[in-house]
Undergrad: 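To start, I am sharing the structure in question, which I have written as structure tokens.
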Amino acid sequence: MQRRTFLAGALGLGAFASLTACGLTGGASTAATGNNKTIKLIVTESAPTQEPTKIAQKILESQGWKVEAKYVTDIVQPNFAVANGEFDANYFQHAAYLEQFTTDKNLELETAFYMYGSPAGVYSAKHKKIGDLPEGAKIAIPVDPSNNGRALALLQTAGLLKLTEGKNLIHLSQADILENPRKFNFVEVDQQSLSKTLPDVDAGFLFVRLGAEIGLNPEDALLFEKEEDALPFINLVAAKPGFSATEKGKALEAAYHSDEVREWFEGYLNGALPTPWDRDPAADLKAWNV
């Protein structure tokens, strides 16, 4: 399979703030193994990751666990930090990013369990239906490769583009456009700026969270992903292979998948982020990673 690295902006978390000063990636430690009652987590500073972690931490500490959570903005070092044993698990990335990163960097990490889905769609502030898009319409799409092809695939589903056949969704880009009969003009934008640019374009690709932040629901989208199309983009907790079967891993999953955390997601942005906790990440990986 052809691989493309998409570290820059893949999760829309901005610059890669180095964690060296925080003591990360300085060598293996005893954090991730053994029967000790300490769980060390590295998590991004964003509401859907940070707030559920705080809830899970309280639950675990009430059960006798000690939880150490470090909150960061870096989306590169957390995987190294777990792989070398400094932390037990991290919570910041979606499945496609984890698969690509571990392949590119030759790391042994896997999905311990899912946390929340991030489906997306094509929205417009100017047009009511996808068929109303004019010839030469400006369409904003994410600049990062892991999400770039999602918008193009939706437009192909609507019969508005023809793309390279048989190519994995996470590897599609504008280079794969074979036919563009309406001569759409694609404007690549940092994903966190997509909602801000929506008034300036004919249509734009938005993650459900970004849409909800400006008052848009999936029902408002001109096109919206089906659940199966969004499987590579389910956000997760990652750890070393086998971690999820340990006492520590089971306790962590139970806390993150608690009623309290589910209630938080239901109240966040009117429940815009689904919690597909009953899905099997390994089976899903086989389904989309072809």
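Index from 1, following the sequence.
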Undergrad: Would L163 and I177 count as a side chain to side chain contact (heavy atoms under 4.5 Å, CB included) here? Give the steps.
TA: CA-CA 5 Å; L163 306 174; I177 299 176; 3.8 Å; yes
Undergrad: Hey, are the side chains of V237 and T111 touching, using non-hydrogen atoms and a 4.5 Å cut-off?
TA: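 V237 vs T111: side chains apart.
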Undergrad: Tell me which pairs pass salt bridge (charged side-chain N to carboxylate O under 4.0 Å, His left out) where either residue lies in residues 277-290, with sequence neighbours left out.
TA: E227-R279, E228-R279, R279-D284
Undergrad: State yes or no: do L269 and I55 share one hydrophobic cluster built from I, L, V, M, F, W and Y residues joined by side-chain heavy-atom distances below 4.5 Å, directly or via other members?
TA: yes
Undergrad: With a 4.5 Å cut-off on side-chain heavy atoms, are F101 and I75 touching?
TA: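 No, side chains not in contact.
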Undergrad: With sequence neighbours excluded, what pairs up with Q63 under the side chain to side chain donor-acceptor pair (under 3.5 Å) test?
TA: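 Side chain to side chain donor-acceptor pair (under 3.5 Å) list for Q63, sorted by chain: empty.
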Undergrad: Got a sec, which residues hit side chain to side chain donor-acceptor pair (under 3.5 Å) with T164, two or more places apart in sequence or on another chain?
TA: D176
Undergrad: Is there a donor-acceptor pair under 3.5 Å between the side chain of S258 and the backbone N or O of V261?
TA: yes
Undergrad: Who passes side-chain contact (heavy atoms from CB on, under 4.5 Å) against A137, sequence neighbours left out?
TA: L133, P134, F184, D202
Undergrad: Testing the basics here: between F243 and D88, what is the closest heavy-atom pair and its distance to 0.1 Å?
TA: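 The answer is CE1-CB, 4.0 Å.
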Undergrad: Using a 4.5 Å cut-off on heavy atoms from C-beta on, say whether the side chain of R150 contacts that of I141.
TA: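 No, their side chains stay 4.5 Å or more apart.
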Undergrad: Any pair with a residue in residues 264-276 that passes side chain to side chain donor-acceptor pair (under 3.5 Å), sequence neighbours left out, goes on the list, sorted by first then second residue, please.
TA: R262-T275
Undergrad: What residues, two or more places apart in sequence or in another chain, satisfy side-chain contact (heavy atoms from CB on, under 4.5 Å) together with D229?
TA: E225, K226
Undergrad: So does G242 get a backbone contact from the side chain of E110, meaning a donor-acceptor N/O pair under 3.5 Å?
TA: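 A pair under 3.5 Å: yes.
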Undergrad: By the ring-ring contact (aromatic ring centres under 6.0 Å, His included) test, which pairs, at least two apart or in different chains, include something from residues 131-151?
TA: none
Undergrad: Give the minimum heavy-atom separation between A255 and L60, together with the two atoms involved.
TA: CB-CG, 3.7 Å
Undergrad: Does H127 offer a backbone N or O that forms a donor-acceptor pair with the side chain of D132 under 3.5 Å?
TA: no
Undergrad: May I ask you to check whether over 12 heavy atoms, not counting those of K58, lie within 6.0 Å of atom NZ?
TA: no
Undergrad: Of all the heavy-atom pairs spanning P218 and V208, show the shortest one and how long it is.
TA: CG-CG2, 4.0 Å
Undergrad: Once rounded to the nearest 0.5 Å, what's the spacing between atom CD1 of I39 and atom CZ of F87?
TA: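 Interatomic distance, I39 CD1 to F87 CZ, rounded to 0.5 Å: 13.5 Å.
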Undergrad: Could you pull out all residues at least two apart from E213 that satisfy salt bridge (charged side-chain N to carboxylate O under 4.0 Å, His left out)?
TA: R209
Undergrad: What I'd like to find out is whether the side chain of L210 reaches to under 4.5 Å of the side chain of Y123, using heavy atoms alone.
TA: no
Undergrad: Please tell me whether F207 and F205 form a close aromatic pair, meaning their ring centres lie under 6.0 Å apart.
TA: yes
Undergrad: Does D74 form a side chain to side chain contact (heavy atoms under 4.5 Å, CB included) with F92? I'd like the steps, not just the answer.
TA: CA-CA 9 Å; D74 192 296; F92 76 100; over 6 Å; no
Undergrad: Tell me, please, which residues at least two apart from L285 pass side-chain contact (heavy atoms from CB on, under 4.5 Å).
TA: E99, W288, N289
Undergrad: Nearest 0.5 Å, what's the CG-NZ distance between L222 and K128?
TA: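 It is 10.0 Å, given to the nearest 0.5 Å.
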Undergrad: Looking at residues at least two apart in the chain, or sitting in another chain, which of them share a side-chain contact (heavy atoms from CB on, under 4.5 Å) with T53?
TA: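 T53 satisfies side-chain contact (heavy atoms from CB on, under 4.5 Å) with L41, V43, A69, Y71, Y91, Y256 only.
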Undergrad: Starting at CD1 of I234, measure out to CG of L273 and round the result to the nearest 0.5 Å.
TA: 12.0 Å
Undergrad: Go through the side-chain N and O atoms of E86 and N84 and say whether any donor and acceptor fall under 3.5 Å apart.
TA: yes
Undergrad: For the residue pair T102 and E108, establish whether any side-chain heavy-atom pair is separated by less than 4.5 Å.
TA: no
Undergrad: Does any non-hydrogen side-chain atom of V187 lie less than 4.5 Å from one of D200?
TA: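 A side-chain contact is absent here, since even the closest heavy-atom pair is not under 4.5 Å.
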Undergrad: Would you indicate whether the side-chain heavy atoms of P48 and F265 approach each other to under 4.5 Å?
TA: yes
Undergrad: Can we say E68 and K66 salt-bridge, meaning some charged N sits less than 4.0 Å from an Asp/Glu carboxylate O?
TA: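 Here E68 pairs with K66 in a salt bridge, since their nearest N and O are under 4.0 Å apart.
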Undergrad: Sequence neighbours left out, what passes salt bridge (charged side-chain N to carboxylate O under 4.0 Å, His left out) with K54? Give chain and number order.
TA: E51
Undergrad: Would you name the heavy atoms of V82 and A239 that are closest together and state the gap between them?
TA: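 In terms of heavy atoms, the two residues are closest at CG1-CA, 3.9 Å.
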Undergrad: Under the salt bridge (charged side-chain N to carboxylate O under 4.0 Å, His left out) test, which residues partner K250, sequence neighbours left out?
TA: none
Undergrad: May I ask you to decide if the ring planes of F113 and H257 are parallel, tilted or perpendicular, using 30° and 60° as cut-offs?
TA: perpendicular
Undergrad: Using 0.5 Å steps for rounding, measure from the CG atom of L231 to the CD1 atom of I170.
TA: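 Result: 12.0 Å between the selected atoms.
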Undergrad: Between CG of L252 and CD of Q57, what distance do you get to the nearest 0.5 Å?
TA: 11.0 Å
Undergrad: Which atom pair, heavy atoms only, marks the closest approach of L98 to L109?
TA: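 Where L98 meets L109 most closely, the heavy atoms are CD1-CB, 4.2 Å.
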Undergrad: I'd like to know if the side chain of K248 and the backbone of T38 have a donor-acceptor N/O pair within less than 3.5 Å.
TA: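 Yes, K248 side chain to T38 backbone: donor-acceptor pair under 3.5 Å.
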Undergrad: Under a 4.5 Å cut-off applied to non-hydrogen side-chain atoms, are L223 and T157 in contact?
TA: no
Undergrad: What heavy-atom pair brings S118 and N235 nearest, and what distance separates the two atoms?
TA: CB-ND2, 4.0 Å
Undergrad: Under the 3.5 angstrom rule, does the side chain of T246 hit a backbone N or O of G249 as a donor-acceptor pair?
TA: yes
Undergrad: Measure the spacing between CD of Q93 and CE of M115 and express it to the nearest 0.5 Å.
TA: 13.5 Å
